[in-house]
2 protein chains.
Amino acid sequence: MTPSKNDKNTRTTGRPTLNEVARLAGVSPITASRALRGVSTVATELVEKVQKAALDLNYVVNPAARALASAQGHSVVVLVPSLSNLLFIDTLEAIHQVLRPKGFEVLIGNFHYSRDEEENLLRNYMAYQPRGLLLTGFDRTESSRRMIEASNIPCVYMMELDTAAGLNCVGFSQLNAGETAAEHLLSRGRKRLAYIGAQLDQRTLLRGEGFRRTLQNAGLYDPDLEVLTPRASSVGLGGELFLQLMAAHPDVDAIFFGNDDLAQGALLEAMRCGIKIPEQVAILGFNDLPASEHMVPRLSSISTPREAIGRRAAELMLTLLAGNPVAKPVQDMGFELKVREST
Amino acid sequence: MTPSKNDKNTRTTGRPTLNEVARLAGVSPITASRALRGVSTVATELVEKVQKAALDLNYVVNPAARALASAQGHSVVVLVPSLSNLLFIDTLEAIHQVLRPKGFEVLIGNFHYSRDEEENLLRNYMAYQPRGLLLTGFDRTESSRRMIEASNIPCVYMMELDTAAGLNCVGFSQLNAGETAAEHLLSRGRKRLAYIGAQLDQRTLLRGEGFRRTLQNAGLYDPDLEVLTPRASSVGLGGELFLQLMAAHPDVDAIFFGNDDLAQGALLEAMRCGIKIPEQVAILGFNDLPASEHMVPRLSSISTPREAIGRRAAELMLTLLAGNPVAKPVQDMGFELKVREST
DNA sequence: TTGTAGGCGTTATCAT
DNA sequence: ATGATAACGCCTACAA
């Protein structure tokens with residue numbers, strides 16, 4: 001138990017250390033370190049020796065030691081507002097796909113659409129000295145904002161586009177999406193258009209605004225036909241709100257839903273109580289979730305490039321971390337209107 | 001840039017260190033460390049002082065340093081087969097909820113139902129010296145198994161129950177669930193019962209086996225009515241397989257689906273082509289996903305305690321990590337048959 | 001109950 | 001191009 005002062009080779013964990021690799025390769029630890037990290041100043045011959053030694057010993061760096069010594073974490077923090085919304089899963093997957101192979105640990109935080117919770121997560125995760133931050137949208141507390149700024153950690157914002165200046169962001173214009181939705185419905189000859197949104201995050205609001213604006217321009221805006229609730233988006237909620245709206249305003253002839261699950265719920269309830277879709281009411285969803293195209297009738301929706309956003313955001317982060325110049329800090333990934341049977 | 005040999009207080013990062021906290025509190029660093037970790041041997045008076053100092057300085061431990069010094073990671077690795085399956089989201093959430101407050105970093109790995117990918121993840125994550133492992137099921141490669149064993153890291157298995165010996169697991173009997181499904185359908189007077197499963201993971205197979213066994217006992221088993229595919233479970237796939245099955249065997253009068261999304265797809269297609277549910281065919285799902293109760297007709301399903309499993313598994317891990325004795329290494333969380341309109 | 005000494009595995013700095 | 005030395009911030013062991 002009492003290891004006398006034997007030299008550098010006493011190991012607590014069973015894992016080989018850089019020292020052992022170095023010794024096996026017949027070089028100094030620092031050279032081994034450099035060789036393994038691909039620092040250019042090491043002779044190719046030595047590099048090979050070291051790599052072989054590392055392989056033989058089955059050496060893996062100790063992330064803790066590395067982080068401590070270099071004052072650099074190896075993690076990238078990703079903060080999303082929800083996981084139950086299939087939405088962000090695709091994005092997360094793509095991020096993983098890009099970052100993991102590069103040796104980054106991806107720390108996922110779910111802030112449940114709560115600004116305060118996001119602030120907490122941020123504070124907690126900062127302790128890990130993450131190398132990068134991948135955040136969702138721009139709506140956060142002042143403290144959060146300050147923390148991010150003060151931390152000086154590279155940051156990429158996902159889902160929305162920067163209206164103001166200077167931030168790296170990958171997403172699409174939520175406002176435009178709302179406008180597109182309205183235009184589509186209008187083009188179908190609808191006159192009484194409603195918007196139903198849940199969660200009330202910035203993006204849902206923005207889409208609502210785009211929708212409203214277009215209706216106003218067309219002289220068809222009616223504030224009574226705007227249903228917003230902070231409750232979490234779900235199939236059940238969609239059905240509920242749909243029924244309420246139809247009861248209160250039987251003349252509604254088109255509804256744009258802030259998320260597909262809501263729209264799916266509406267479709268289901270419509271079927272249950274015999275409301276004809278799209279004859280009586282046109283239903284348009286958002287995000288084009290997997291089930292939507294299989295609904296009865298098939299749900300028209302605005303398809304969003306969630307996976308592409310994740311990938312690009314991660315790639316952007318990579319160039320940021322490499323210290324390379326960023327060609328386009330603002331990347332509009334667009335969206336696509338999928339017209340199916342429900343409109 | 002060239003910080004002369006000033007003492008312990010030179011900091012590269014802008015963050016306060018334990019030393020500074022200690023100095024502010026007028027104690028030695030180690031006392032501060034103990035105080036902050038809640039080691040009992042510190043005078044309450046000092047604890048308060050230290051905590052105040054830490055608060056004043058906005059001190060947060062450096063996880064890297066802590067990990068290095070204690071040769072103990074602070075992370076728990078969770079490996080799940082899928083994220084797009086809403087299934088595991090609930091479980092992950094629960095795990096987070098339990099582990100994060102205790103200061104554990106939760107590392108999520110998605111192995112996409114691939115044993116090899118799981119092995120890779122395991123190997124990679126081992127570098128972080130995780131304190132614990134939360135794994136899904138028992139079906140993995142020999143190498144994975146050996147790695148787990150050799151690592152000597154506490155491990156809790158989720159979703160299934162240990163048939164053999166000695167493993168800590170939290171889940172329910174997948175076999176029983178399959179039996180329950182068959183019994184229910186049988187009790188409805190159905191004679192031509194089919195099972196449709198995708199993904200073909202161990203648990204899907206197990207449920208199928210339970211289902212089959214019960215049918216065999218009833219003398220009603222027909223291998224032609226067992227549809228298994230390695231493709232990923234989805235609403236679209238469910239509809240597809242349903243249609244195929246009905247075309248090949250128009251006399252089928254009940255179908256048990258390995259996952260709710262498949263069943264939902266079937267319901268949708270049935271509606272589309274006028275197949276009466278449950279009159280002509282009874283449809284039973286599995287997992288009771290959020291949308292199921294809103295389907296038309298409302299989907300009968302077997303509800304699984306995903307959230308409870310996550311919570312309990314995490315709690316079990318906590319007692320394991322605390323070195324406390326485990327009262328019940330095998331925890332059966334059960335499942336519940338929800339009879340609605342589709343059966 | 002508190003403190004002293006030393007090391008955890010790696011990398012930065014400065015020489016050579 | 002390579003190496004010696006000294007941190008990085010914290011914790012384990014032991015001593016007081």
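Residue numbers begin at 1 in each chain, while the letters A, B, ... track the order of the sequences. It should be emphasised that the depicted structure is a prediction, and the values quoted were computed from it without experimental measurement. Computed over heavy atoms, backbone and side chain alike; hydrogens, waters and symmetry mates excluded.
- Rounded to whole Å, atom P of dG9(C) lies 16 Å from atom CG of Leu36(A).
- The nearest whole Å value for the distance from the CG atom in Asn62(B) to the P atom in dC8(C) is 18 Å.
- Taking only side-chain nitrogens and oxygens, Ser33(A) never comes nearer than 4.0 Å to OP1 or OP2 of dT10(C).
- For the pair Ala64(B) and Arg34(B), nearest-nucleotide mapping onto DNA chain D gives the more 5' position to Ala64(B).
- Mapping Arg66(A) and Gly26(B) onto DNA chain C by nearest heavy atom places Gly26(B) closer to the 5' end of the strand.
- In the set dC10(D), dT2(D), dA12(C), dT2(D) carries the atom at the smallest distance from any side-chain atom of Ala43(A).
- For Arg37(A), there are no salt bridge (Lys or Arg N to Asp or Glu O under 4.0 Å) partners two or more places apart in sequence or in a different chain.
- Across all strands, Arg37(A) comes closer than 4.0 Å only to sugar-phosphate atoms, never to a base (heavy-atom distances).
- The closest side-chain heavy-atom distance from Asp116(A) to Phe111(A) is not below 4.5 Å.
- Protein atom CZ of Arg23(B) is 15 Å distant from nucleotide atom P of dG3(C), rounded to whole Å.
- Ile30(A) places its CD1 atom 16 Å from the P atom of dG9(C), with the value rounded to the nearest Å.
- Applying the 4.0 Å criterion to OP1 and OP2 of dT2(C), one finds that Thr31(B) has every side-chain N and O outside that range.
- When the salt bridge (Lys or Arg N to Asp or Glu O under 4.0 Å) test is applied to Glu315(A), no partner is found at least two apart in sequence or on another chain.
- Between Leu68(B) atom CG and dG6(C) atom P there is a gap of 18 Å when expressed in whole angstrom units.
- Considering only side-chain atoms of Ala69(B), the nucleotide from dG3(D), dT4(C), dC8(C) that sits closest is dC8(C).
- The distance between atom CG of Leu46(A) and atom P of dA1(D), rounded to the nearest whole Å, is 11 Å.
- Rounding to the nearest 0.5 Å gives a distance of 8.5 Å between OH of Tyr157(B) and CG of Asn168(B).
- At the phosphate of dT11(C), neither OP1 nor OP2 sits under 4.0 Å from any side-chain N or O atom of Ser70(A).
- In this structure, Leu18(A) places its CG atom 14 Å from C1' of dA12(C), rounding to the nearest Å.
- Residue His74(A) contributes atom NE2, which lies 16 Å from atom P of dG9(C) at whole-angstrom precision.
- With values rounded to the nearest 0.5 angstrom, Thr141(B) atom OG1 is found 12.5 Å from Glu117(B) atom CD.
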